[in-house]
Amino acid sequence: MTAPADLVLTDAAVHTLAPDDPVHEAVAVRDGRVVRLGSTYDLDMLVGADTTRVDLDGRVVLPGFVDAHTHLTVVGRHEVHADLSAADSRDEALARLAARARDDGVGPDDWLLGYGYDESAWGETDPLDAADLAGLDHPGPVAAFREDLHLVSVDETALDRLAGDLPPGGHDGGVLREAGATAVRRRLSPDRAGARRLLRAGQRRAVARGVTTVHDLVRRSAAPRAYRDMARAGDLDLRVQLYYWRDHLDAVEEVGLATNAGGRVRFGGIKTFVDGSVGARSARLSAPYDDAPDERGEWVVAPDALDALAARLDTLDVRLSAHAVGDEAVDAVLDAYEDRASGRWRVEHAVLASDAAVERMADADVVACVQPNFHRWAGAGGLYERRLGSRRTETTRLRTLLDAGVDVAFGSDGMPMDPLVGVDHAVNAPTGPQRLDVTEALRAYTLGGARAGLAEDEVGTLAPGKRADLVVLAASPWGRPGSIAEIGVAGTLVGGEVVHAAAGAPLARNA
Ligand SMILES: [Zn+2]
């Protein structure tokens, strides 16, 4: 006699997303884990007096999404402050800031903050500047961050407040780049309570879009402590794997952090930049930018320093996660990774990985953690064409990576945090080498992320014994491949607990 389940979801299309992707009608959960998959008839045998049985009326159930590259406090900022990511024009971005200034939470002396604008989406090349922000009529300082956070626009009041914090080089009409932007971010970085508020807001967003695990890349942040505060208080719904910036490496070594030891909040590895971004022309390329024939980008961390870092991490048995966008930066990462003992070191973004680099990644067991949502810059007439010309078709070649046998994990980088938006971009990419089919794209956001976190025995597919991290979709992505981004998330479960339930959906959130 088998013990009854805690929860049985029936009349569903349960995709395990395992390599052969069998589809089942029902899934049963006990003690936070999947106990059986099968037909509704079979699994009704596991329904006892205390079992919750939910008829999903044909909805699709998938393993929960793993967002393998995000910064959850930044996601939270979009929720808490003015969200400029959906603005279609300069005027709309300013209107969103003005609306935020009228909110109760913003006093006349407070910083008025906006996050996530992208002037290239407005068909413009000039970022917001001090003159734009002066029209807002907010007496306190104003700062608007471009979505890559490498650039921030501030008004005169903000410049006064920041005096002393800003690096030499100053600003260009209120536009601060790189080190200047970092100084503003540091000035505004939240304390422990503030970080917890942002993480809670980010978490609400995450589970509402089906995310059950995040890999969060953190630097000089109160977020690690705030995550652990939440875990202890029982209000951390997500599974979290933290990657600490390389300037924390001494501390990591000293306290002996080991990969994936612990509970909901685990250690994933060390993060470093190697280069910058295409948008800022700081991604390191082997050939010049199309719109700046003298520029090939820059090294944020030079190859010899990268190699020394990799060697040290290898002796500590800690993985490295290296941000490399340009082809020359990706090559430098692979030079540093090859012949290291441990597997599945990560390269973040790998936007312009060459054919040779793709082969090397496959051979060296390197995970490509890529952002399918970056495809929105890859179309004809887009940002990548401006910067890279015809090389725009060589960016984020998902098909090429997968066909070569590279482990591909999807991450949003918070632009926006929404796996279904990313899957949509992957399925509807500009060119064949950049495109995946629906199953492949979903797998990169589930099993791919699990493998990137060395957690595929626990999460990433659905099978008896694995964690019951599930997402219930309102519609089938296979049934509407042209508009996957608009599919609603009916419910999200982590360890069998309902952590998100859409209004009108058959699930109820656990108390
Ligand atoms: Zn990032």
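Order of listing sets the numbers, starting from 1, for every ligand and every atom in it. Position 1 is the first residue of the sequence, and the numbers go up from there.
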- Message: Looking only at the side chains, is there a donor atom on one of Y117 and E119 sitting less than 3.5 Å from an acceptor on the other?
- Response: no

- Message: Testing L316, D314, L320 one by one against V318 for a side-chain contact (heavy atoms from CB on, under 4.5 Å), which residue passes?
- Response: L316

- Query: Are side-chain N/O atoms of H425 and N373 paired as donor and acceptor at under 3.5 Å?
  - Reply: no

- Backbone N/O of T439 and side chain of D437: donor-acceptor pair under 3.5 Å: yes

- Out of R77, R146, E147, which residue meets the side chain to side chain donor-acceptor pair (under 3.5 Å) rule with Y115? R77

- Near the Zn ion (ligand 1) (under 2.8 Å) - protein N, O or S atoms: H69 NE2, H71 NE2, D413 OD1

- Query: Donor-acceptor pair, R266 side chain versus G262 backbone, under 3.5 Å?
  - Reply: yes

